[in-house]
2 protein chains.
Amino acid sequence: MLTKKAYYAFQALTHLVEKYNEGPVLISEIAEERKIPLKFLENILLHLKNTGILDSKKGKGGGYFLKNSPSEIKIAKVFRLIDGPIAMLPCVSLYFYQRCENCNEKFCGLHDILVEVRDATLAIMENRTLADLILRDKNPVGGLVSPEM
Amino acid sequence: MLTKKAYYAFQALTHLVEKYNEGPVLISEIAEERKIPLKFLENILLHLKNTGILDSKKGKGGGYFLKNSPSEIKIAKVFRLIDGPIAMLPCVSLYFYQRCENCNEKFCGLHDILVEVRDATLAIMENRTLADLILRDKNPVGGLVSPEM
DNA sequence: AAAAAGTCTACCGGTTTGGTAGGGTGTTTA
DNA sequence: TAAACACCCTACCAAACCGGTAGACTTTTT
(Lines give C-alpha, C1' and ligand atoms only; values in the text may rest on other atoms or scores of the structure.)
Protein backbone atom coordinates (compact mmCIF):
# COMPACT_ATOMS: atom_id res chain seq x y z
CA MET A 1 0.00 0.00 0.00
CA LEU A 2 1.01 3.60 -0.65
CA THR A 3 1.89 5.59 2.43
CA LYS A 4 -0.13 8.72 3.10
CA LYS A 5 2.98 10.65 2.28
CA ALA A 6 3.05 9.24 -1.24
CA TYR A 7 -0.69 9.68 -1.61
CA TYR A 8 -0.40 13.34 -0.59
CA ALA A 9 2.55 13.75 -2.91
CA PHE A 10 0.53 12.54 -5.87
CA GLN A 11 -2.37 14.79 -4.91
CA ALA A 12 -0.09 17.78 -4.68
CA LEU A 13 1.57 16.94 -7.96
CA THR A 14 -1.81 16.58 -9.59
CA HIS A 15 -2.61 20.06 -8.40
CA LEU A 16 0.64 21.41 -9.74
CA VAL A 17 0.05 19.75 -13.09
CA GLU A 18 -3.31 21.46 -13.32
CA LYS A 19 -1.66 24.79 -12.61
CA TYR A 20 1.33 24.14 -14.83
CA ASN A 21 2.50 27.35 -16.52
CA GLU A 22 0.46 29.48 -14.17
CA GLY A 23 3.44 30.33 -12.01
CA PRO A 24 4.27 29.29 -8.46
CA VAL A 25 1.52 27.80 -6.31
CA LEU A 26 1.36 28.37 -2.56
CA ILE A 27 1.82 25.41 -0.23
CA SER A 28 -1.16 26.72 1.69
CA GLU A 29 -3.33 26.70 -1.41
CA ILE A 30 -2.50 23.08 -2.15
CA ALA A 31 -2.97 22.10 1.48
CA GLU A 32 -6.36 23.72 1.61
CA GLU A 33 -7.79 22.56 -1.68
CA ARG A 34 -6.49 19.01 -1.34
CA LYS A 35 -7.08 18.76 2.39
CA ILE A 36 -3.51 17.91 3.29
CA PRO A 37 -2.02 18.90 6.68
CA LEU A 38 0.02 22.00 5.96
CA LYS A 39 3.23 21.21 7.79
CA PHE A 40 3.25 17.67 6.52
CA LEU A 41 2.83 18.94 2.99
CA GLU A 42 5.75 21.31 3.53
CA ASN A 43 8.01 18.32 4.17
CA ILE A 44 6.75 16.48 1.15
CA LEU A 45 7.15 19.36 -1.27
CA LEU A 46 10.59 20.15 0.05
CA HIS A 47 11.58 16.55 -0.48
CA LEU A 48 10.26 16.65 -4.03
CA LYS A 49 12.25 19.79 -4.59
CA ASN A 50 15.46 18.32 -3.20
CA THR A 51 15.10 15.34 -5.50
CA GLY A 52 14.66 17.48 -8.56
CA ILE A 53 10.97 17.12 -9.35
CA LEU A 54 9.90 20.54 -8.16
CA ASP A 55 11.36 23.99 -7.88
CA SER A 56 10.30 26.85 -5.68
CA LYS A 57 10.38 30.60 -5.26
CA LYS A 58 10.41 32.46 -1.96
CA GLY A 59 8.74 35.68 -0.94
CA LYS A 60 5.65 37.28 -2.32
CA GLY A 61 4.43 35.66 -5.51
CA GLY A 62 6.42 32.60 -4.58
CA GLY A 63 5.42 28.96 -4.21
CA TYR A 64 6.12 25.62 -5.77
CA PHE A 65 6.05 24.57 -9.38
CA LEU A 66 7.08 21.67 -11.58
CA LYS A 67 10.65 21.87 -12.72
CA ASN A 68 9.93 20.04 -15.96
CA SER A 69 7.00 19.24 -18.18
CA PRO A 70 4.50 16.87 -16.54
CA SER A 71 4.98 14.34 -19.31
CA GLU A 72 8.65 14.05 -18.46
CA ILE A 73 8.14 12.70 -14.94
CA LYS A 74 7.24 9.05 -14.69
CA ILE A 75 4.90 7.82 -11.99
CA ALA A 76 7.42 5.12 -11.11
CA LYS A 77 10.01 7.76 -10.30
CA VAL A 78 7.78 9.63 -7.88
CA PHE A 79 6.78 6.40 -6.23
CA ARG A 80 10.39 5.37 -5.67
CA LEU A 81 11.36 8.78 -4.34
CA ILE A 82 8.72 8.72 -1.64
CA ASP A 83 7.99 5.11 -0.79
CA GLY A 84 11.09 3.34 -2.02
CA PRO A 85 11.04 -0.03 -3.76
CA ILE A 86 8.22 -0.97 -6.09
CA ALA A 87 9.11 -4.68 -6.01
CA MET A 88 7.70 -6.87 -3.27
CA LEU A 89 11.03 -8.29 -2.14
CA PRO A 90 14.50 -6.75 -2.08
CA CYS A 91 15.86 -9.68 -4.13
CA VAL A 92 13.42 -8.72 -6.89
CA SER A 93 14.05 -4.99 -6.91
CA LEU A 94 15.88 -3.23 -9.72
CA TYR A 95 16.73 -0.01 -7.85
CA PHE A 96 16.96 -1.34 -4.29
CA TYR A 97 18.31 -4.83 -4.90
CA GLN A 98 19.55 -6.91 -1.99
CA ARG A 99 20.36 -10.58 -2.10
CA CYS A 100 18.17 -12.72 0.11
CA GLU A 101 20.10 -14.77 2.62
CA ASN A 102 17.95 -17.82 2.97
CA CYS A 103 17.05 -18.73 -0.54
CA ASN A 104 18.70 -19.34 -3.82
CA GLU A 105 17.09 -17.05 -6.35
CA LYS A 106 17.70 -19.54 -9.11
CA PHE A 107 15.50 -22.09 -7.41
CA CYS A 108 12.99 -19.92 -5.63
CA GLY A 109 9.51 -20.11 -7.04
CA LEU A 110 8.39 -17.06 -5.12
CA HIS A 111 11.20 -15.06 -6.70
CA ASP A 112 9.92 -15.98 -10.16
CA ILE A 113 6.38 -14.95 -9.41
CA LEU A 114 7.40 -11.66 -7.86
CA VAL A 115 9.62 -10.83 -10.82
CA GLU A 116 6.59 -11.21 -13.03
CA VAL A 117 4.58 -8.97 -10.74
CA ARG A 118 7.32 -6.39 -10.75
CA ASP A 119 7.57 -6.36 -14.53
CA ALA A 120 3.83 -6.08 -14.97
CA THR A 121 3.72 -3.20 -12.49
CA LEU A 122 6.62 -1.38 -14.07
CA ALA A 123 5.15 -1.80 -17.54
CA ILE A 124 2.43 0.50 -16.29
CA MET A 125 4.24 2.82 -13.91
CA GLU A 126 7.16 3.50 -16.24
CA ASN A 127 4.79 4.41 -19.04
CA ARG A 128 2.56 6.81 -17.17
CA THR A 129 3.64 10.31 -16.27
CA LEU A 130 2.37 13.16 -14.17
CA ALA A 131 0.45 14.28 -17.24
CA ASP A 132 -1.71 11.18 -16.87
CA LEU A 133 -2.83 12.28 -13.43
CA ILE A 134 -5.14 15.03 -14.52
CA LEU A 135 -8.80 14.90 -15.17
CA ARG A 136 -10.05 13.38 -18.34
CA ASP A 137 -13.63 12.39 -18.93
CA LYS A 138 -13.82 8.63 -18.59
CA ASN A 139 -17.28 8.22 -20.01
CA PRO A 140 -17.66 10.73 -22.79
CA VAL A 141 -21.26 11.07 -23.87
CA GLY A 142 -20.25 10.61 -27.46
CA GLY A 143 -17.51 8.27 -28.63
CA LEU A 144 -14.37 9.52 -30.29
CA VAL A 145 -15.31 8.22 -33.70
CA SER A 146 -18.75 8.48 -35.25
CA PRO A 147 -20.49 9.69 -32.15
CA GLU A 148 -23.85 9.47 -33.88
CA MET A 149 -23.69 5.80 -34.64
CA MET B 1 7.01 -4.82 0.06
CA LEU B 2 6.16 -8.13 1.68
CA THR B 3 6.48 -8.22 5.44
CA LYS B 4 8.88 -10.75 6.92
CA LYS B 5 5.85 -12.59 8.19
CA ALA B 6 4.55 -13.11 4.68
CA TYR B 7 8.00 -14.00 3.41
CA TYR B 8 8.39 -16.63 6.13
CA ALA B 9 4.90 -17.89 5.42
CA PHE B 10 5.76 -18.49 1.79
CA GLN B 11 9.02 -20.19 2.74
CA ALA B 12 7.21 -22.48 5.16
CA LEU B 13 4.51 -23.23 2.61
CA THR B 14 7.15 -24.02 0.03
CA HIS B 15 8.62 -26.50 2.46
CA LEU B 16 5.23 -28.07 3.09
CA VAL B 17 4.55 -28.34 -0.62
CA GLU B 18 7.82 -30.20 -1.05
CA LYS B 19 6.79 -32.60 1.71
CA TYR B 20 3.21 -32.88 0.55
CA ASN B 21 1.87 -36.40 1.12
CA GLU B 22 4.75 -37.25 3.43
CA GLY B 23 2.69 -36.66 6.55
CA PRO B 24 2.96 -33.94 9.18
CA VAL B 25 6.10 -31.81 9.30
CA LEU B 26 7.51 -30.46 12.56
CA ILE B 27 7.55 -26.71 13.12
CA SER B 28 11.09 -27.14 14.34
CA GLU B 29 12.13 -28.84 11.12
CA ILE B 30 10.77 -26.00 9.02
CA ALA B 31 12.30 -23.39 11.31
CA GLU B 32 15.71 -25.02 11.13
CA GLU B 33 15.86 -25.76 7.43
CA ARG B 34 14.40 -22.43 6.37
CA LYS B 35 16.13 -20.41 9.08
CA ILE B 36 12.98 -18.91 10.54
CA PRO B 37 12.75 -17.95 14.24
CA LEU B 38 10.89 -20.84 15.85
CA LYS B 39 8.37 -18.99 17.98
CA PHE B 40 7.60 -16.54 15.22
CA LEU B 41 7.00 -19.43 12.86
CA GLU B 42 4.63 -21.00 15.37
CA ASN B 43 2.43 -17.90 15.17
CA ILE B 44 2.48 -17.89 11.41
CA LEU B 45 1.60 -21.54 10.99
CA LEU B 46 -1.15 -21.30 13.55
CA HIS B 47 -2.58 -18.35 11.67
CA LEU B 48 -2.45 -20.30 8.43
CA LYS B 49 -4.24 -23.14 10.18
CA ASN B 50 -6.95 -20.92 11.59
CA THR B 51 -7.61 -19.50 8.14
CA GLY B 52 -7.97 -22.90 6.60
CA ILE B 53 -4.78 -23.29 4.61
CA LEU B 54 -3.05 -25.73 6.91
CA ASP B 55 -4.04 -28.45 9.32
CA SER B 56 -2.07 -29.94 12.19
CA LYS B 57 -1.67 -32.96 14.38
CA LYS B 58 -0.47 -32.95 17.98
CA GLY B 59 1.69 -35.41 19.86
CA LYS B 60 4.35 -37.72 18.55
CA GLY B 61 4.31 -38.00 14.78
CA GLY B 62 2.46 -34.69 14.66
CA GLY B 63 3.20 -31.47 12.85
CA TYR B 64 1.74 -29.28 10.14
CA PHE B 65 0.55 -30.18 6.68
CA LEU B 66 -1.39 -28.66 3.81
CA LYS B 67 -5.12 -29.10 4.15
CA ASN B 68 -5.65 -29.18 0.39
CA SER B 69 -3.67 -29.86 -2.74
CA PRO B 70 -1.00 -27.19 -3.40
CA SER B 71 -2.58 -26.35 -6.74
CA GLU B 72 -5.80 -25.36 -5.01
CA ILE B 73 -4.32 -22.49 -3.00
CA LYS B 74 -3.73 -19.28 -4.90
CA ILE B 75 -0.77 -17.07 -4.10
CA ALA B 76 -3.11 -14.09 -3.91
CA LYS B 77 -5.06 -15.74 -1.11
CA VAL B 78 -2.00 -16.34 1.05
CA PHE B 79 -0.83 -12.82 0.44
CA ARG B 80 -4.15 -11.35 1.53
CA LEU B 81 -4.33 -13.54 4.62
CA ILE B 82 -0.97 -12.38 5.89
CA ASP B 83 -0.34 -8.90 4.56
CA GLY B 84 -3.83 -7.73 3.67
CA PRO B 85 -4.63 -5.67 0.59
CA ILE B 86 -2.79 -6.25 -2.66
CA ALA B 87 -3.93 -2.95 -4.17
CA MET B 88 -1.92 0.18 -3.52
CA LEU B 89 -4.81 2.27 -2.23
CA PRO B 90 -7.95 1.29 -0.31
CA CYS B 91 -10.12 2.90 -2.98
CA VAL B 92 -8.64 0.48 -5.51
CA SER B 93 -8.90 -2.68 -3.45
CA LEU B 94 -11.37 -5.44 -4.25
CA TYR B 95 -11.30 -7.20 -0.88
CA PHE B 96 -10.48 -4.26 1.39
CA TYR B 97 -12.25 -1.43 -0.40
CA GLN B 98 -12.67 1.92 1.29
CA ARG B 99 -13.80 5.10 -0.36
CA CYS B 100 -11.22 7.86 -0.37
CA GLU B 101 -12.42 11.06 1.24
CA ASN B 102 -10.56 13.67 -0.68
CA CYS B 103 -10.91 12.62 -4.26
CA ASN B 104 -13.59 11.65 -6.66
CA GLU B 105 -12.66 8.27 -8.08
CA LYS B 106 -14.33 9.09 -11.35
CA PHE B 107 -11.93 11.94 -11.96
CA CYS B 108 -8.80 10.75 -10.24
CA GLY B 109 -5.98 9.88 -12.58
CA LEU B 110 -4.05 8.10 -9.87
CA HIS B 111 -7.03 5.84 -9.25
CA ASP B 112 -7.03 4.80 -12.90
CA ILE B 113 -3.36 3.97 -12.91
CA LEU B 114 -3.53 1.98 -9.70
CA VAL B 115 -6.50 0.00 -10.95
CA GLU B 116 -4.38 -1.04 -13.89
CA VAL B 117 -1.55 -2.01 -11.58
CA ARG B 118 -3.92 -4.01 -9.42
CA ASP B 119 -5.36 -5.88 -12.36
CA ALA B 120 -1.95 -6.67 -13.77
CA THR B 121 -0.79 -7.93 -10.39
CA LEU B 122 -3.88 -10.04 -9.80
CA ALA B 123 -3.66 -11.54 -13.27
CA ILE B 124 -0.47 -13.13 -12.00
CA MET B 125 -1.22 -13.79 -8.35
CA GLU B 126 -4.65 -15.28 -8.96
CA ASN B 127 -3.22 -17.65 -11.52
CA ARG B 128 -0.31 -18.99 -9.52
CA THR B 129 -0.73 -21.47 -6.72
CA LEU B 130 1.41 -22.99 -4.01
CA ALA B 131 2.32 -25.65 -6.55
CA ASP B 132 4.21 -22.97 -8.49
CA LEU B 133 6.47 -22.31 -5.52
CA ILE B 134 8.54 -25.41 -5.79
CA LEU B 135 11.77 -25.95 -7.61
CA ARG B 136 11.78 -26.28 -11.32
CA ASP B 137 14.88 -26.03 -13.45
CA LYS B 138 14.79 -22.61 -15.04
CA ASN B 139 17.58 -23.19 -17.52
CA PRO B 140 17.35 -26.75 -18.72
CA VAL B 141 20.47 -27.79 -20.58
CA GLY B 142 18.36 -29.02 -23.45
CA GLY B 143 15.27 -27.25 -24.65
CA LEU B 144 11.85 -28.81 -24.42
CA VAL B 145 11.51 -29.37 -28.13
CA SER B 146 14.25 -30.66 -30.37
CA PRO B 147 17.01 -30.37 -27.80
CA GLU B 148 19.61 -31.37 -30.42
CA MET B 149 18.85 -28.58 -32.83
C1' DA C 1 11.97 47.49 7.16
C1' DA C 2 8.06 44.70 6.97
C1' DA C 3 5.61 41.11 4.96
C1' DA C 4 5.54 37.01 2.36
C1' DA C 5 6.76 32.45 1.68
C1' DG C 6 9.69 28.66 1.61
C1' DT C 7 13.60 26.09 4.69
C1' DC C 8 15.41 23.65 8.39
C1' DT C 9 15.78 21.08 12.76
C1' DA C 10 13.70 18.84 16.16
C1' DC C 11 10.35 16.39 18.36
C1' DC C 12 6.44 13.25 19.44
C1' DG C 13 2.55 9.85 20.08
C1' DG C 14 0.55 5.83 18.07
C1' DT C 15 0.83 1.72 15.37
C1' DT C 16 3.11 -1.95 13.16
C1' DT C 17 6.78 -5.17 12.83
C1' DG C 18 9.40 -8.76 14.32
C1' DG C 19 10.10 -11.04 17.56
C1' DT C 20 10.40 -13.72 22.78
C1' DA C 21 8.65 -16.19 27.08
C1' DG C 22 6.29 -19.51 29.24
C1' DG C 23 2.79 -22.18 30.52
C1' DG C 24 -1.50 -24.98 28.63
C1' DT C 25 -3.65 -28.70 26.01
C1' DG C 26 -4.34 -32.65 23.41
C1' DT C 27 -2.02 -37.40 21.59
C1' DT C 28 0.72 -41.09 21.48
C1' DT C 29 3.27 -44.73 23.36
C1' DA C 30 5.74 -47.32 26.75
C1' DT D 1 -1.31 -44.06 33.44
C1' DA D 2 2.40 -41.30 33.06
C1' DA D 3 5.97 -39.49 30.32
C1' DA D 4 7.19 -37.56 26.14
C1' DC D 5 5.82 -35.10 22.31
C1' DA D 6 4.26 -31.35 19.72
C1' DC D 7 1.06 -27.92 18.79
C1' DC D 8 -1.83 -23.93 21.23
C1' DC D 9 -2.52 -19.70 23.56
C1' DT D 10 -1.72 -15.39 26.05
C1' DA D 11 1.10 -11.96 27.07
C1' DC D 12 4.75 -9.06 26.56
C1' DC D 13 8.46 -6.18 24.43
C1' DA D 14 11.90 -3.26 21.73
C1' DA D 15 12.70 -0.95 17.60
C1' DA D 16 11.18 1.12 13.55
C1' DC D 17 7.94 3.55 10.93
C1' DC D 18 4.11 6.61 10.12
C1' DG D 19 1.73 10.76 10.32
C1' DG D 20 2.02 14.93 12.00
C1' DT D 21 3.42 19.33 14.81
C1' DA D 22 6.35 23.35 16.50
C1' DG D 23 9.05 26.99 15.94
C1' DA D 24 12.70 29.53 14.57
C1' DC D 25 15.38 30.92 10.22
C1' DT D 26 16.41 32.57 5.51
C1' DT D 27 15.43 34.64 1.25
C1' DT D 28 12.74 37.67 -1.73
C1' DT D 29 9.67 41.30 -2.74
C1' DT D 30 7.53 45.71 -1.98
Side-chain angles (χ1 to χ4, degrees), chain A residues 1-12 15-16 19 23-32 34-67 82-85 88-90 96 100-102, chain B residues 1-12 16 19 23-32 34-67 81-85 88-90 96 100-102:
Chain A
M1 299 277 277
L2 285 189
T3 61
K4 281 227 172 209
K5 190 170 180 179
Y7 178 66
Y8 290 153
F10 279 115
Q11 296 244 2
H15 195 90
L16 290 173
K19 306 272 182 176
V25 181
L26 292 179
I27 303 179
S28 56
E29 177 190 320
I30 303 174
E32 225 168 288
R34 300 283 172 166
K35 290 178 186 126
I36 304 171
L38 180 68
K39 296 297 279 181
F40 197 20
L41 182 58
E42 276 186 19
N43 296 337
I44 296 167
L45 295 181
L46 191 54
H47 183 193
L48 288 174
K49 178 188 172 176
N50 291 335
T51 51
I53 305 280
L54 299 180
D55 206 348
S56 67
K57 197 161 170 295
K58 287 183 178 178
K60 181 154 194 180
Y64 275 99
F65 49 95
L66 289 164
K67 201 166 179 176
I82 308 281
D83 274 358
M88 308 196 79
L89 280 180
F96 301 83
C100 42
E101 311 120 11
N102 300 348
Chain B
M1 298 277 278
L2 284 189
T3 60
K4 280 225 172 212
K5 190 169 181 180
Y7 178 66
Y8 290 151
F10 279 115
Q11 295 245 0
L16 289 172
K19 305 272 181 177
V25 181
L26 292 180
I27 302 178
S28 56
E29 177 190 319
I30 302 174
E32 224 168 287
R34 299 283 172 165
K35 288 175 187 131
I36 303 171
L38 180 67
K39 298 295 280 180
F40 197 20
L41 182 57
E42 274 188 21
N43 296 338
I44 296 167
L45 295 181
L46 191 54
H47 184 194
L48 288 174
K49 178 188 172 177
N50 291 335
T51 50
I53 305 280
L54 298 181
D55 206 347
S56 67
K57 197 163 171 292
K58 288 181 177 178
K60 182 154 192 181
Y64 275 99
F65 50 95
L66 288 165
K67 201 165 181 178
L81 284 176
I82 307 282
D83 273 359
M88 307 195 83
L89 279 180
F96 302 83
C100 43
E101 311 120 11
N102 300 348

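Only a predicted model underlies this, so the values are computations on that prediction, with no experimental measurement involved.
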Peer 1: Select one nucleotide: of dG19(C), dG18(C), dA6(D), the one nearest the side-chain heavy atoms of P37(B).
Peer 2: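 Comparing dG19(C), dG18(C), dA6(D) against the side chain of P37(B), the answer is dG19(C).
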
Peer 1: Counting just side-chain N and O atoms, does Y8(B) come under 4.0 Å of either OP1 or OP2 of dG19(C)?
Peer 2: yes

Peer 1: Could you grab the distance from atom CE of M88(B) to atom CG of L2(A), nearest 0.5 Å is fine?
Peer 2: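 Going from the CE atom of M88(B) to the CG atom of L2(A) covers 5.0 Å.
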
Peer 1: Which pair of non-hydrogen atoms, one from G62(A) and one from L26(A), has the smallest distance, and what is that distance?
Peer 2: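 Of all heavy-atom pairs spanning G62(A) and L26(A), the closest is O-CD2, 3.7 Å.
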
Peer 1: Under 4.0 Å, counting only non-hydrogen atoms across every strand here, what does L26(B) touch: a base, just sugar-phosphate, or nothing?
Peer 2: sugar-phosphate

Peer 1: Nearest 0.5 Å, please: how far is CG in L54(A) from CG in L66(A)?
Peer 2: 6.0 Å

Peer 1: In whole angstrom, give the distance that lies between atom CE of M1(A) and atom P of dT17(C).
Peer 2: 12 Å

Peer 1: Measure CD1/I44(A) against C1'/dG20(D) and give the value in whole Å, please.
Peer 2: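 Between C1' of dG20(D) and CD1 of I44(A): 10 Å.
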
Peer 1: What's the separation between atom CG in L48(B) and atom CG in D55(B), rounded to the nearest 0.5 Å?
Peer 2: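 That separation rounds to 12.0 Å.
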
Peer 1: If you assign S56(B) and K5(A) each to the DNA chain D nucleotide with the nearest heavy atom, which residue ends up on the more 5' nucleotide?
Peer 2: S56(B)

Peer 1: So for atom CD, which belongs to E29(A), do other residues, nucleotides or ligands contribute more than 12 heavy atoms lying within a distance under 6.0 Å?
Peer 2: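 Yes, CD of E29(A) has more than 12 neighbouring heavy atoms, counting only those of other groups under 6.0 Å.
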
Peer 1: Kindly point out which of dT21(D), dT20(C), dT27(C) is positioned nearest to the side chain of F40(A)?
Peer 2: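 Within the option list, the nearest is dT21(D).
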
Peer 1: Between P on dT21(D) and NZ on K4(A), what's the gap in Å once rounded to a whole number?
Peer 2: 12 Å

Peer 1: With the side chain of E42(B) defined as its heavy atoms from C-beta on, choose the nearest nucleotide among dG22(C), dC8(C), dG19(D).
Peer 2: dG22(C)

Peer 1: Can you check the D55(A) CG to dT28(D) P distance for me, whole Å?
Peer 2: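 These atoms are roughly 12 Å apart.
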
Peer 1: Just to be sure I understand the rule, does K58(B) reach a base, reach only the sugar-phosphate, or reach nothing, if contact means heavy atoms closer than 4.0 Å?
Peer 2: base

Peer 1: Could you state the CG-P distance from L45(A) to dC8(C), rounded to the nearest angstrom?
Peer 2: 13 Å

Peer 1: Please compare G62(A) and N43(A) by the position of their nearest nucleotide in DNA chain C and report the one closer to 5'.
Peer 2: G62(A)

Peer 1: On the nucleotide dT28(C), are OP1 or OP2 found under 4.0 Å from the side-chain N or O atoms that K57(B) carries?
Peer 2: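 Looking at the OP1 and OP2 atoms of dT28(C), one of them is under 4.0 Å from a side-chain N or O of K57(B).
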
Peer 1: Checking all strands, does I27(B) fall into the base, sugar-phosphate, or nothing category for heavy-atom contacts under 4.0 angstrom?
Peer 2: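 Sugar-phosphate only.
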
Peer 1: Which of the following nucleotides, dG23(C), dG19(D), dG6(C), is nearest to the side chain of K39(B)?
Peer 2: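 Within the option list, the nearest is dG23(C).
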
